[in-house]
Every structure is written in structure tokens, then in C-alpha cells.
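Since we're looking at a predicted model, the values are computed, not measured.
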Amino acid sequence: MGVLPARCYPPALSRLADLPVPERSQRNTLEAYCRGLELFLRFLSNQQLSATAVTGVQIGAYLATMRSISGSISNATIQQRITVLRLFYSYLIEEAVCDKNPVLRDGGRPLVHRYRRLPWIPSEADWQAILAATREEPIRNRVMLAFAYDAALRREELCGLCTADIDPSLRMLRIRAENTKGRRDRIVPYSTPSSALLQQYLNHRRGLGQKRGSLFLSESRRHYAAAISIWSWSKIVLQISKRAEVPRFTTHTLRHLCLTDLARAGWDIHEIAAFAGHRSVQTTLLYIHLSGRDLSRKLASGMAQIHARRVAMLTGSNI
């Protein structure tokens, strides 16, 4: 593959070592984009292609290769990979290395259509299997699972909790902006059962270390008493999903389930958005749709009218 001059690589790669450590979610995005670009450059190297000679045909071949290697790859992942390439070639055009972006079709048509599925939530049978599997977990993990559902926390928000973020008198959690997707603080409540479980964990935590700081601490030999990482938490949840034989259960499932339950309980969309930390209620609408709340109301109303009309017809009453 023709080697591009160093100035042509995005700052995320060429000056990565010089960048200050960004906030957690920014760092995760940066790492994901770097991995995406690395995969593409490796593909070009295997095909003995120059990055400057790539056309839409090669982009299509790259996407097909990803599907064949990964087996099943989500539409969201494909869209992320395409975004990486679009930004990469936009950068090359700015540097006068390329004169056309091969990712962009004439007329602005997307290479791969974007679609958005409703979040998955467990059925009652799945839920019982998950509960049975979590009973084997140590106290720390059970508290984390309880908070993930009770407060609808993302994994970054959950793992980033500090002891100072807890107000036990009011049973409130402060979710700090640096751990959130929307870069905004929020205060969320947690329930009495979660409070009792938390107290058990705090008693256990004192045996790991007396100092304040991260709430959930690692107990592994390698990272003893250090803050648990999002990767460690993902591995824990993966093991639970395997024991429960519910492969679709992930670190985000309990958040999806909580927000759907709030929609089923009749919470206003703006209340759910504030609780979840959503910037836009368009995201929150997913959970309204998933709960079927509005549709069930319309169906119940419509069926009541139909039922009344049929009864009136059968009894000979005036409609």
C-alpha cells in the first residue's frame, strides 16, 4: 500500500500520544474511531491498495469483509465504520491528498441505509433466569445490578459513582457530568431495597479500604481496591448472561428495562427524559413505543366503543 505522509493521518492517530487524557466517554469514542481506521488501513494493506486510489467499489468490499469476519455485525457498528472513513477522507481532501471522498455517493445517498431497532428487553422467563443467575453474585455486583435498573444508569455512570455522590438520607445519587453522555449533571433516586443492599456493600467495602473515592472497587489481585472499570463490569454481566442462558442481556439492558417500565407506569415523556439524562425526547420516545402505552390506550378506547355498539345492537337499544 502506498504510504501516506504523516501529516495526512487524523490527529486522533498521528498525535494520540500527545493528547491530554479526555473524559471517559470521549476517550471511548476516540478509541473506537482509532480501531475503525486501523481495520480499514489493514484491509488496504492486505489488498495492496493505496488509500488515495480507493473508490466506492473498494469501500463496498471493505464493508463486505467486515460482515464475513464478524458474522453478525450491527447496523450501528457499520454506520460508525462509515463515519470513520468519511471523516478520514474529508481530512485527506483538506490536506490536498485526495480530490474526492469515496464514501459519499452522488446525490448524498447513503452507502448503507440507517435503521434503528427498538431496544431489547427481557421477557418474564428471561427475567427470572437473570434473577436466578444474579443470586450467585457477590454483594458488590448485586448492588451494581440494582442501581443499573433502579436509576437507569449507563455503565460509565455506574462505574464512575463515588462515595460522595450518595445521599443516603434522601436516597439520591448524583450522576456527574463527566460520566454522562449528555455532559450534564443529574440527580436520581434509588429505592429502599437498593438502599439496604448498598449498606451491606458499604460494610464490606470498609474491608477493602477506608479512603473515600470510587464507590465500586475491584477485588482482583491485579487491581485490588482500584475503581472497577467499565470493561470489568461488561465481563461480569457477560458471565451472568451465559449462566442465565440469555445472550442478549448486556450492561445496557437494565437501563432499557427501567425506562420502559416507567413508560408503562404512565410517566410523562419529559419526566422520563430528565430521569434518563436524554438531551432530546426523541430518544425517550423509543421507550414509549416499546412499552406500547399509547397504542394500548387507543386500542382499549376503540374496543370499548366497539363493544358498546355491539351490545346495543344485540339488545335492540338505540345507538
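The backbone N or O of Ser191 lies less than 3.5 Å from no partner atom in the side chain of Ser195, so there is not a single donor-acceptor pair. Thr253 places no side-chain N or O within donor-acceptor distance of the main-chain N or O of Phe249, the cut-off being under 3.5 Å. For Arg255 (side chain) and Ala148 (main-chain N/O), no donor-acceptor pair under 3.5 Å exists by modelled atom type. Looking only at distances, a side-chain donor or acceptor of Ser241 sits under 3.5 Å from a matching main-chain atom of Leu238. Using modelled atom types, one side-chain atom of Asp185 and one backbone atom of Ala177 make a donor-acceptor pair closer than 3.5 Å. When atom types are taken as modelled, the side chain of Ser123 and the backbone of Asp126 share a donor-acceptor pair closer than 3.5 angstrom. The main-chain N or O of Cys162 is found under 3.5 Å from a side-chain atom of Asp165 such that the two form a donor-acceptor pair. Looking only at distances, no side-chain donor or acceptor of Thr260 sits under 3.5 Å from a matching main-chain atom of Tyr287. Checked by atom type and distance alone, the side chain of Tyr201 pairs as donor or acceptor with a backbone atom of Leu215 at under 3.5 Å.
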Practice prompt. Mind running side chain to side chain contact (heavy atoms under 4.5 Å, CB included) on Leu161 and Leu153 for me, showing each step along the way?
Written response: CA-CA 10 Å; Leu161 283 174; Leu153 301 183; 4.0 Å; yes
Item to complete: Kindly determine whether Arg81 and Tyr62 satisfy side chain to side chain contact (heavy atoms under 4.5 Å, CB included), including the steps that lead there.
Response: CA-CA 10 Å; Arg81 298 284 192 262; Tyr62 166 64; 3.8 Å; yes
Fill in: Evaluation steps, salt bridge (Lys or Arg N to Asp or Glu O under 4.0 Å), between Arg174 and Asp167
CA-CA 8 Å; Arg174 174 175 174 258; Asp167 184 346; over 6 Å; no
Discussion item. If you apply the rule side chain to side chain contact (heavy atoms under 4.5 Å, CB included), what do you find for Val54 with Phe40, and how did you get there?
Written reply: CA-CA 11 Å; Val54 167; Phe40 178 64; 4.3 Å; yes
Item to complete: In sequence, state the C-alpha distance, the side-chain angles, and the governing distance for Asn101 and Arg86, and then conclude on side chain to side chain contact (heavy atoms under 4.5 Å, CB included).
Response: CA-CA 7 Å; Asn101 193 326; Arg86 176 174 54 79; 4.1 Å; yes
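For Ser234, the side-chain hydrogen bond (donor to acceptor under 3.5 Å, both in side chains) partners at least two apart in sequence or on another chain are Arg155. Residues forming a ring-ring contact (aromatic ring centres under 6.0 Å, His included) with Tyr89 (at least two apart in sequence, or on another chain): none. Residues satisfying the side-chain hydrogen bond (donor to acceptor under 3.5 Å, both in side chains) test with Arg248, not counting sequence neighbours, are none.
Within the structure, the salt bridge (Lys or Arg N to Asp or Glu O under 4.0 Å) test picks out the following pairs touching residues 228-247 (sequence neighbours left out): Glu136-Arg243, Glu137-Arg243. The ring-ring contact (aromatic ring centres under 6.0 Å, His included) contacts involving residues 130-189 comprise Phe147-Tyr190, where partners must be two or more places apart or lie in separate chains. Applying the salt bridge (Lys or Arg N to Asp or Glu O under 4.0 Å) test to residues at least two apart or on different chains, the pairs with a partner in residues 145-154 are Arg154-Glu157.
Across Ala32 and Gln80, no two heavy atoms sit closer than the pair CB-NE2, 3.7 Å. In this structure, Arg140 and Ser218 approach most closely via the heavy-atom pair NH1-CA, 3.7 Å. Across all their heavy atoms, Ala225 and Leu217 have their closest contact at O-CD2, 3.6 Å. The heavy-atom pair separating Ile230 from Cys159 by the smallest distance is CA-SG, 3.9 Å. Pairing each heavy atom of Ile93 with each of Lys100, the nearest pair is CD1-C, 3.7 Å. Across all non-hydrogen atoms, the minimal contact from Arg183 to Arg279 is CB-NH2, 4.2 Å.
Aromatic ring centroids of Trp233 and Phe216 lie 6.0 Å or more apart.
Proximity of Ile228 to Ser214: side-chain heavy atoms (C-beta onward) are nowhere separated by under 4.5 Å. Counting only heavy atoms from C-beta outward, the side chains of Leu39 and Phe43 never approach each other to under 4.5 Å.
Taking CD1 of Ile175 as the reference point, atom OG1 of Thr180 lies at 9.0 Å (rounded to 0.5 Å). Here the CD1 atom belonging to Ile272 is positioned 12.5 Å from the OG1 atom belonging to Thr283, to the nearest 0.5 angstrom. Expressed to the nearest 0.5 Å, how far CE of Met144 lies from OG1 of Thr134 amounts to 14.0 Å. Leu158 CG to Leu145 CG: the interatomic distance, rounded to the nearest 0.5 Å, is 8.5 Å. Rounded to the nearest 0.5 angstrom, Gln200 CD and Asn203 CG are separated by 8.0 Å. Note that CG of Leu63 is 7.0 Å distant from CG of Leu85, once rounded to the nearest 0.5 Å.
The closest side-chain donor-acceptor pair between Gln199 and His204, if any, does not fall under 3.5 angstrom. Between the side chains of His278 and Thr284, at least one donor-acceptor pair of N or O atoms lies under 3.5 Å. A donor-acceptor pair shorter than 3.5 Å can be found between the side chains of Gln58 and Thr55. Side-chain polar atoms of Ser232 and Ser229 form a donor-acceptor pair below 3.5 angstrom.
The residue from Leu87, Val84, Ile82 that alone fulfils the side chain to side chain contact (heavy atoms under 4.5 Å, CB included) condition with Val103 is Ile82.
Hydrophobic clustering of Ile, Leu, Val, Met, Phe, Trp and Tyr side chains at less than 4.5 Å, counting indirect connections, keeps Ile187 apart from Phe275. No path of Ile, Leu, Val, Met, Phe, Trp and Tyr side chains, each step under 4.5 Å between heavy atoms, connects Met172 with Ile166, placing them in separate hydrophobic clusters. Both Leu208 and Leu198 sit in one connected hydrophobic cluster of ILVMFWY residues. Membership requires side-chain heavy atoms under 4.5 Å apart, directly or through other members.
Heavy atoms of other residues, nucleotides or ligands lying less than 6.0 angstrom from CG of Asp99 number 12 at most.
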